[in-house]
Amino acid sequence: MADSNGAKVEIFGADGSYFCISGDGQGEEGVLLGTDMQGFYDAPTRVIIKEGAFQIGGTLQGTKHPVRTVQFGLHVIGEKTSPWEVRDSAIRKAFSYKRDPWNPAAELAQMRIATELSGPRSLRLILGESIGFQPEFDPIAEGNGLTPMSTVALEPMWFEDDFLGNEQFPSHWELKSGTSGGGTVWISNPTDQPMTHTWVVNGPAGAVFGLPDYSWTGPEYARVPGVDFTTGRDDSERIYTVPTLVEADGGGATVEVDRMKLPIRAFTDTNIVGRTNGKRLLYKVPPYTPPTEVPVYVTNAAPGAGVVLRQPRLWSRPWGLE
């Protein structure tokens, strides 16, 4: 059965502007999505294969996801109260080649696609090249023109907002009394991509936190902590001990699984990797891991100390794959 509302496509500009370009509310800002949209579906993927000189066939070495190029046209339509050149200028200002270096709160333009079944998923886009506008007629006189957009998503996966838990599967635990204690939070990954989650710990100087860092095993939708078959290690009960917080940490730290990020950073934005003795979080959560309850603890703290688990949701497509 088809989705009666179709997909809704929206642009949230780098300058704070907004355009609904397809679906419910399309064209209200004078901009419509053209046909022949390219690069928005499966994430770009390269398979890396090693072939020996005398080998029959080859050996899979892995896969790589380069940046995603998304190309689409935008029909810009003017009217008396908002001429074509004003609206064309507005859509150009919505996109940029980089994040505004003078604005600490700046974001790149965001394309969001929402469907009834999959909800909203987004890409952050920069301009990949200058806009090659080649009108056949004077767009100012005609009041309309098709603007070709060539954009790049540096993160090629479509993303949802980070999952921060809910009443059924909480991702937050807090020490209610005393100086030491433990509890549980829930971790899951319903997407088709491995999840590199983030732990945020807050507490007074002297507090020591323990966070689960499990290896996983099992088929899709039935993953459990177990032996990591890529390494042969059984870290199904591994607990990572966060370095003891000190006054200069500003009351907490952020701990990352992602190897492209600093493993641990204080709330004061200070690199505190030097206090880890070379230890860090190791394990991503594999795709299609069901909700799993995991333990956390803190010692030498005070009521109000706690942890928050931020779980990113990345998908290779703008809809489906659940």
Side-chain angles (χ1 to χ4, degrees), residues 5-46 65-79 82-103 105-115 118-160 314-320:
N5 296 319
K8 183 172 184 176
V9 185
E10 301 164 287
I11 299 294
F12 298 84
D15 61 345
S17 58
Y18 170 80
F19 304 86
C20 179
I21 60 175
S22 184
D24 185 30
Q26 66 180 13
E28 292 181 359
E29 296 78 28
V31 183
L32 290 168
L33 179 64
T35 59
D36 197 27
M37 188 175 177
Q38 299 178 31
F40 79 102
Y41 210 44
D42 273 29
T45 305
R46 275 206 304 268
H65 298 291
V67 298
R68 179 194 290 263
T69 298
V70 183
Q71 296 177 321
F72 53 98
L74 293 175
H75 290 282
V76 180
I77 304 167
E79 57 184 32
S82 185
W84 177 86
E85 58 265 43
V86 172
R87 287 181 167 173
D88 180 66
S89 176
I91 196 65
R92 171 58 185 86
K93 290 169 65 179
F95 291 87
S96 60
Y97 291 100
K98 60 182 179 181
R99 187 176 284 107
D100 184 349
W102 293 276
N103 180 5
E107 294 284 1
L108 298 175
Q110 177 180 335
M111 172 182 283
R112 184 169 73 184
I113 296 182
T115 67
S118 297
R121 299 178 189 174
S122 300
L123 292 174
R124 293 281 184 189
L125 300 175
I126 60 172
L127 286 172
E129 58 186 44
S130 59
I131 296 174
F133 186 52
Q134 296 178 313
E136 184 177 356
F137 305 102
D138 181 354
I140 297 177
E142 295 293 326
N144 66 78
L146 178 62
T147 302
M149 305 294 296
S150 182
T151 63
V152 172
L154 302 176
E155 166 55 76
M157 301 301 169
W158 292 87
F159 66 88
E160 299 177 8
L314 298 179
W315 302 85
S316 62
R317 287 183 173 184
W319 54 70

Please list, one pair per line, the donor and acceptor atoms closer than 3.5 Å that link side chains of residues 150-158 to other protein atoms, with sequence neighbours excluded.
| from | atom 1 | to | atom 2 | distance (Å) |
| --- | --- | --- | --- | --- |
| Thr151 | OG1 | Val70 | O | 2.8 |
| Glu155 | OE2 | Met157 | N | 2.9 |
| Trp158 | NE1 | Phe40 | O | 3.0 |

Minimum side-chain heavy-atom gap Pro83-Val86 below 4.5 Å: yes
Set of residues satisfying side chain to side chain contact (heavy atoms under 4.5 Å, CB included) with respect to Ser96, sequence neighbours excluded: Ala14, Leu108
Residues that Asp100 engages under salt bridge (charged side-chain N to carboxylate O under 4.0 Å, His left out), provided they are two or more places apart: none
Pairs where residues 6-35 contributes a residue and the test ring-ring contact (aromatic ring centres under 6.0 Å, His included) is met, not counting sequence neighbours: Phe12-Tyr18
Contact check, side chains of His75 and Leu146, non-hydrogen atoms, under 4.5 Å: yes
Derivation of the side-chain contact (heavy atoms from CB on, under 4.5 Å) call for Glu29 and Ile77: CA-CA 9 Å; Glu29 296 78 28; Ile77 304 167; over 6 Å; no
Pairwise side-chain contact, Ile21 with Leu74, heavy-atom cut-off 4.5 Å (strictly under): yes
Separation of Asp15 CG from Lys93 NZ (nearest 0.5 Å): 6.0 Å
Contacts of Glu79 that satisfy side chain to side chain contact (heavy atoms under 4.5 Å, CB included) - sequence neighbours left out: Thr81, Ser82, Arg87
Arg112 side chain to Pro120 backbone, donor-acceptor under 3.5 Å: no
By side-chain hydrogen bond (donor to acceptor under 3.5 Å, both in side chains) - contacts of Arg124 (at least two apart): Gln110
Verdict with supporting geometry, Val76 and Asn144, side-chain contact (heavy atoms from CB on, under 4.5 Å): CA-CA 5 Å; Val76 180; Asn144 66 78; over 6 Å; no
Under 3.5 Å: donor-acceptor pair, side chain of Arg68, backbone of Gly39: yes
Closest contact, heavy atoms only, Ile113 versus Pro318: CD1-CB, 4.1 Å
Nearest-0.5 Å distance that lies between atom OG in Ser17 and atom CD1 in Ile91: 6.5 Å
Heavy-atom side-chain proximity of Tyr97 to Ile126 below 4.5 angstrom: no
Contacts of type side-chain hydrogen bond (donor to acceptor under 3.5 Å, both in side chains), residue Asn103, not counting sequence neighbours: none
Heavy-atom check, side chain of Arg121 versus side chain of Phe159, under 4.5 Å: no
Trp84: partners by ring-ring contact (aromatic ring centres under 6.0 Å, His included), with sequence neighbours left out: Phe133
Separation between CD of Glu85 and CD1 of Ile140, rounded to the nearest 0.5 Å: 4.5 Å
Qualifying residues under side-chain hydrogen bond (donor to acceptor under 3.5 Å, both in side chains), relative to His65, sequence neighbours excluded: Thr45
All side-chain hydrogen bond (donor to acceptor under 3.5 Å, both in side chains) counterparts of Ser118, not counting sequence neighbours: Glu322
Minimal non-hydrogen separation, Ser22 against Gln26, with atom names: CA-OE1, 3.3 Å
Working for side-chain contact (heavy atoms from CB on, under 4.5 Å), residues Cys20 and Glu28: CA-CA 7 Å; Cys20 179; Glu28 292 181 359; over 6 Å; no
Asp24: side chain to side chain contact (heavy atoms under 4.5 Å, CB included) partners, not counting sequence neighbours: none
Non-neighbouring partners of Gln38 that pass side chain to side chain contact (heavy atoms under 4.5 Å, CB included), sequence neighbours left out: Asp36, Gln71
Met111 side chain near Ser122 side chain, heavy-atom distance below 4.5 Å: no
